[in-house]
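These numbers come from the heavy atoms of this one structure, side chains and all, not from hydrogens, waters or symmetry mates. Order of the sequence lines fixes the chain letters, A, B, ..., with proteins taken first and strands second; residue numbering starts at 1 for each chain.
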Amino acid sequence: GEDVEQSLFLSVREGDSSVINCTYTDSSSTYLYWYKQEPGAGLQLLTYIFSNMDMKQDQRLTVLLNKKDKHLSLRIADTQTGDSAIYFCAESLLNTGFQKLVFGTGTRLLVSP
Amino acid sequence: DVKVTQSSRYLVKRTGEKVFLECVQDMDHENMFWYRQDPGLGLRLIYFSYDVKMKEKGDIPEGYSVSREKKERFSLILESASTNQTSMYLCASSTTTGQHGYTFGSGTRLTVV
């Protein structure tokens, strides 16, 4: 089945690390994605990880993938107020020759000064 | 700068009106998608298209139709708008395989009164 779960809220102080977690259900997912949505805007692709990797780092962002537990996390180091947004994880499912993305409900990150 | 453009940021329509939401992409992408986003429900796929004049139902197609007469343009049509269609509508596009994720527009916030 297709189901991607995330916690709804996370609150951190500026300068701390943030960890946003996600669980997915389809073990055949080939790619997993993290998107960021700022207020009033569309979704912006932050990073993605191929399913044969267990970690990917990109500047302040670290993605960890535990394929056995179907668990994906996004760590933001030195979180800034500009990181306040909704973060969506998504898994990709092969559907008639292309990757269909299934999104989680989103985690609202609030960064306080 | 490549992008997906949605023609309206905000729309207010009356119950029973026929509503057109337009989306244009300049990346020569084969696939295009319409999602609606509601608090606590995340993104739900309404319709998608993998080629000109081709369309496929997503998870919640009831009350909607789509049109793709040209590769770059994908229109979402609400035949007779109802108050439960008040939502944020997001258009996205991707390459044939979609492995690099989707590119999203900024969204159209539709209010049906």
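- Under the 4.5 Å side-chain heavy-atom criterion for ILVMFWY residues, no single connected hydrophobic cluster contains both B/Met88 and B/Leu76.
- Of all the listed residues (A/Ala41, A/Ala90, A/Gly106), the one sharing the greatest number of non-hydrogen pairs under 4.5 Å with chain B is A/Ala41.
- Between B/Tyr102 and A/Tyr35, the gap from one ring centroid to the other reaches at least 6.0 Å.
- At a threshold of 4.5 Å between side-chain heavy atoms, the hydrophobic network of Ile, Leu, Val, Met, Phe, Trp and Tyr places B/Ile60 and B/Tyr89 in one connected group.
- Sequence neighbours left out, the pairs with a member in residues 44-72 of chain A that pass salt bridge (charged side-chain N to carboxylate O under 4.0 Å, His left out) are A/Arg60-A/Asp83.
- Hydrophobic clustering, with ILVMFWY side chains joined whenever heavy atoms are under 4.5 angstrom apart, groups A/Tyr33 together with A/Leu61.
- The side-chain heavy atoms of B/Leu43 and A/Gln37, taken from C-beta on, include no pair separated by under 4.5 Å.
- Considering only heavy atoms from C-beta on, B/Leu41 stays 4.5 Å or farther from A/Thr105 through its side chain.
- Side-chain contact check for B/Leu45 versus A/Leu101: every heavy-atom pair is 4.5 Å or farther apart.
- In this structure, the portion of B/Arg9 lying under 4.5 Å from any heavy atom of chain A is its side chain and not its backbone.
- Residue B/Arg109 places its CZ atom among 12 or fewer non-hydrogen atoms of other residues, nucleotides or ligands, all under 6.0 Å distant.
- Transitive grouping of hydrophobic side chains (ILVMFWY, heavy atoms separated by less than 4.5 Å) brings A/Leu45 and A/Phe88 into a common cluster.
- For B/Gln37, the part lying under 4.5 angstrom from a heavy atom of chain A is the side chain only.
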